[in-house]
Amino acid sequence: MNTIAERIYDFLKDFPPFSMLMKSELLAICKAIDIHYLEKDTYLFITGSPVQNQFYVVKDGAIGLFRAQTNTLVDECDEGDIFGLRALMRQGDYKLSAKAIEESIVYSISSELFQQNITTNAEASKFLMSSFVSNTYYIESNQVDHNLSTENIQEFIEEQSADYSKNPVHCSSETRIKDAALIMTNKRIGSIVITKDNRPLGIITDKDLRTKIATGLISIEDSVTKIMSSPVITYPESITVAEAQIAMIKHRITHLCITKDGTPNTELTGILSEHDIIVIRENNASVLVKEIKRVNTPEQLQHIRKRAEQLLKRYIEQQIPITFVTKILSTINDSITQRLIDLCIEEMPTPPPTSFAWLAIGSQGREEQLLLTDQDNALVFNEVPENDYNKTQQYFLTLSKKINQGLNIIGFELCPANMMASNPKWCLSISQWKTQFKSWITTPDQDNLMLCSIFFDFEFVYGDANLSTTMAESIFTSIESHDIFLNFLGLNALKNPPPLSFFRQFLVERDGEHKDQFDIKARAMMPLVDAARLLILSKNMKAHNNTIVRYEKLAELEPQNKDVFLACRDAFKNLLRFRTEQGLRHNDSGRFIDLQTLSKANRLELKSTFRAVKDIQDLIQTRFKLSQFM
Amino acid sequence: MSWFKKKSYPDFWKQYLECFESNQNLDIETIRFVIFDTETTGLDTKHDRILSIGTIAVIGNTIKVSDSFECYLQQDLFNAKTVKIHGLLKAGHFNKVQERDAIIQFLAHIKNSVLVAHHAGFDVTMINQALKRMNLPKLKNKVLDTGHLFIKTKLDDSKTHYSLDDLSLRFKIPQHDRHTASGDAYITALLLVKILAVLKKNNPSLQLKDLLRSHTRIGLL
């Protein structure tokens with residue numbers, strides 16, 4: 001009986017990572033807590049003092065973390081926030097000072113005791129690690145992310161019902177092993193079920209033939225009953241993928257028999273193999289892509305895009321790795337656009353006068369568009385004699401108009417800024433495009449830089465891929481002869497510094513100002529996108545459009561900055577997922593985040609992305625010597 | 001006489017007395033305060049009995065949850081009128097101990113600490129009465145009263161008596177588990193650190209002796 005510890009438990013149990021602990025574990029921690037009372041402007045610890053063997057949770061009030069040399073505010077912690085996590089590393093001195101910025105009550109938690117209780121709790125340690133990382137460096141974050149993705153794959157399949165093979169191949173118990181093997185070979189299957197009165201008796205897999213026959217232990221003339229595994233593990237038709245996987249792991253087997261009522265006493269209706277489970281992962285998306293090829297109107301495509309939205313929703317709910325989700329969704333979007341273009345060309349009175357390429361630009365070009373937003377696209381056509389130019393452009397403008405309207409029907413709204421192929425400015429011949437790019441690069445004013453940031457990220461969707469490759473090459477050629485352009489692009493990439501932190505329902509800016517809304521696109525995603533584009537262009541790397549891929553490539557090219565690049569990659573993945581979640585939840589673009597709705601875990605997650613943005617911007621500022629421009 | 005008396009004391013009391021033999025720490029930043037509260041069958045120190053004791057220690061500005069004590073006592077006396085205050089039934093669901101065992105555990109826990117309670121006179125007297133029933137002398141500890149300490153802050157002189165409710169409201173202390181011994185001890189502990197902070201601000205060289213009041217003035221309530 002410990003009333004006070006229970007009261008502390010009641011408080012902590014709502015906040016991560018404590019919310020992830022078992023009641024007995026958390027109560028044991030609560031019983032050993034020290035409660036500190038701090039008056040306003042008093043310090044809990046100061047920079048340079050040795051790390052204590054405890055970390056802290058704010059119970060009431062607010063604690064500010066300051067960098068002592070400059071006395072700059074690094075973070076503000078409010079009710080439920082954790083700080084002083086350096087104690088978990090049990091080494092060195094505090095790098096920051098903790099000062100009460102209001103009268104505060106702070107719980108201090110023994111790091112030793114805490115670690116004893118979380119060693120078995122991967123979720124809680126992961127959370128703490130990422131909280132620590134959000135205030136320091138993120139060497140550990142790769143590991144965190146790695147753990148996440150393996151876990152996520154498990155979660156992802158959990159609720160889907162398993163798609164098993166119906167009409168399984170079977171034979172009677174009198175069958176000779178040799179004959180069973182012949183059936184398996186003829187039917188190209190890895191297993192055969194031995195049945196009696198249509199009920200499963202046992203099963204033979206390739207492995208049995210390898211371990212029991214090929215080794216010479218048993219003759220191929222013997223009956224299948226000699227080598228079959230029996231009894232078989234049976235499940236009902238309603239089995240989910242997760243259940244199937246657990247069953248396979250538990251029984252160390254690779255095949256499950258599906259029967260009418262889930263027991264071996266009823267009719268065999270199917271067989272589910274480990275391989276089936278692997279296939280399930282991509283099945284849904286591939287079904288959609290197949291259907292796209294068969295539809296004949298934009299309205300039917302709209303229907304498929306709506307189903308893709310449902311797929312996206314489920315993927316996000318099931319925490320599927322975001323790189324996988326973006327790939328699937330881009331593939332579906334590309335297929336839809338390709339089919340639409342086919343349909344639009346059929347409607348034209350004549351076939352295209354020359355080869356052309358349809359390009360997705362901006363976020364679509366980077367394959368980072370998950371939610372339905374407005375369409376951004378452009379068209380490039382092959383050189384034609386000067387006399388035919390206007391006529392040819394007119395043809396493609398008419399075609400583009402059909403395509404733009406078709407996309408609008410499907411759900412990609414018309415771009416309000418008219419960044420579409422039906423705009424004569426963005427429907428050009430290859431040489432016109434080259435001239436256009438060159439003029440942006442040689443006169444990098446604000447408007448042109450903005451256009452670069454949209455049009456440089458293009459992705460070939462339809463038509464002649466060579467045209468798109470030639471366009472990409474022309475960008476690099478122009479930059480090479482005018483490399484001051486990169487400095488301007490660099491300045492542009494630094495326009496939006498990230499916020500500092502969250503405090504209560506506010507966003508804390510670096511100048512100490514508090515704001516109550518967060519523009520996730522402008523303040524966190526675009527800075528990362530801009531930085532990746534700039535660096536990849538400066539490395540002369542072609543055909544790397546996707547921001548995640550760009551950072552991975554950069555990490556490969558510059559191992560000395562690997563940590564920064566991979567942190568940016570992870571931050572971008574988190575932001576993309578976060579924005580998609582928000583968008584699906586509120587049925588909007590997910591761009592503006594209401595800070596009241598954010599959980600503590602959300603805030604910490606977002607906060608660690610701010611750090612990545614800050615670091616990549618610092619790197620750019622140094623690399624392109626931008627201080628002199630600023 | 002005193003030699004004879006001491007000799008006849010049980011071991012637990014002798015151990016308790018031994019705690020006072022060495023020079024006592026008087027530095028208010030490092031001294032161990034034990035904040036305690038009792039729930040009783042009523043307010044008559046002669047006839048009423050202790051139903052539960054709750055304590056928690058404070059060192060400096062830190063409340064030590066690990067250094068706390070909580071127990072429920074088996075008593076024959078039962079007063080239905082006070083049940084609605086403390087919620088303790090005669091045959092409640094808590095593990096109860098005999099009064100003698102509770103006092104033995106309490107003494108082992110408090111040692112030579114400075115005891116603190118809100119309106120400490122009552123709680124100290126209740127413990128002393130229990131000691132008397134065990135043929136033992138009174139508590140040896142120095143005692144602070146948070147009601148008295150608050151008056152010393154001179155934050156408010158509108159009243160001569162401030163209840164725990166008055167002060168927890170004033171110091172914005174949430175009233176969780178009010179009227180349980182441990183809950184009240186915890187509220188009083190927060191009250192103590194907050195009042196000490198004010199007193200230290202008024203007098204940077206504050207010492208323990210500035211906080212004590214003469215024993216003669218400790219009366220009932």
Side-chain angles (χ1 to χ4, degrees), chain A residues 1-14 18 26-46 52-63 78-80 84 98-100 102-114 116-117, chain B residues 33 35-37 39 52-73 86-88 92-97 105 170-202:
Chain A
M1 184 70 201
N2 193 327
T3 312
I4 298 165
E6 279 182 24
R7 199 55 61 220
I8 297 171
Y9 168 86
D10 284 341
F11 173 77
L12 289 180
K13 72 172 169 28
D14 295 330
F18 308 107
L26 182 52
L27 261 179
I29 289 165
C30 292
K31 281 180 187 164
I33 274 176
D34 281 351
I35 302 163
H36 303 286
Y37 170 67
L38 295 168
E39 279 181 283
K40 187 170 186 285
D41 294 331
T42 54
Y43 285 88
L44 189 58
F45 55 76
I46 55 166
Q52 303 290 305
N53 61 351
Q54 56 208 7
F55 65 93
Y56 304 95
V57 182
V58 181
K59 164 66 171 69
D60 292 312
I63 301 291
D78 59 66
E79 197 172 274
K99 184 172 88 173
E102 290 170 10
E103 181 190 38
S104 301
I105 289 173
V106 171
Y107 290 158
S108 81
I109 296 171
S110 149
S111 37
E112 247 167 85
L113 187 65
F114 188 75
Q116 279 169 24
N117 280 288
Chain B
F33 293 104
I35 293 74
F36 81 113
D37 182 62
E39 293 302 317
S52 72
I53 307 174
T55 82
I56 190 156
V58 166
I59 295 174
N61 60 358
T62 302
I63 301 169
K64 315 285 280 185
V65 180
S66 55
D67 191 359
S68 63
F69 171 75
E70 183 167 2
C71 81
Y72 295 85
L73 283 68
H86 49 64
L88 296 175
H93 58 281
F94 301 114
N95 272 334
K96 291 181 176 174
V97 298
Q105 289 169 24
R170 168 184 275 272
F171 285 94
K172 299 188 194 81
I173 298 168
Q175 299 199 337
H176 290 307
D177 308 299
R178 184 79 177 89
H179 298 299
T180 69
S182 283
D184 282 357
Y186 178 65
I187 292 169
T188 311
L190 275 173
L191 195 54
L192 175 73
V193 290
K194 291 191 175 201
I195 291 175
L196 285 182
V198 177
L199 290 173
K200 274 182 243 176
K201 208 176 271 171
N202 295 347

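Convention: sequence-line order gives letters A, B, ...; per-chain numbering from 1.
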Gap separating the OH atom of Tyr186(B) from the CD1 atom of Ile35(A), nearest 0.5 angstrom: 3.5 Å
Output the distance between atom CG (Asn61(B)) and atom NE2 (His36(A)), rounded to the nearest 0.5 Å. 7.5 Å
Going by the salt bridge (charged side-chain N to carboxylate O under 4.0 Å, His left out) test, which pairs reach into residues 178-193 of chain B, not counting sequence neighbours? Asp165(B)-Arg178(B), Arg178(B)-Asp184(B)
All heavy atoms of Ala32(A) vs all of Ser66(B), minimum pair found to be CA-CB, 4.0 Å
Measure the NE2-CG distance between His176(B) and Asp10(A) for me, rounded to the nearest 0.5 Å. 8.0 Å
Hey, are Lys201(B) and Glu39(A) close enough for a salt bridge, meaning a charged N less than 4.0 Å from a carboxylate O? yes
Can you check whether Val65(B) reaches Cys30(A) side chain to side chain, under 4.5 Å on heavy atoms? no
Specify the closest pair of heavy atoms between Ser182(B) and Ile4(A), including all atoms of both residues, with the distance to one decimal. O-CD1, 3.7 Å
Strictly less than 4.5 Å between heavy atoms, which residues of residues 188-196 of chain B line up against chain A? Please order them by number. Leu190(B), Val193(B), Lys194(B)
Chain A contact via Ile56(B) - side chain, backbone, both or neither, heavy atoms under 4.5 Å: side chain
How far does OG1 of Thr62(B) sit from CD1 of Ile33(A), to the nearest 0.5 angstrom? 12.5 Å
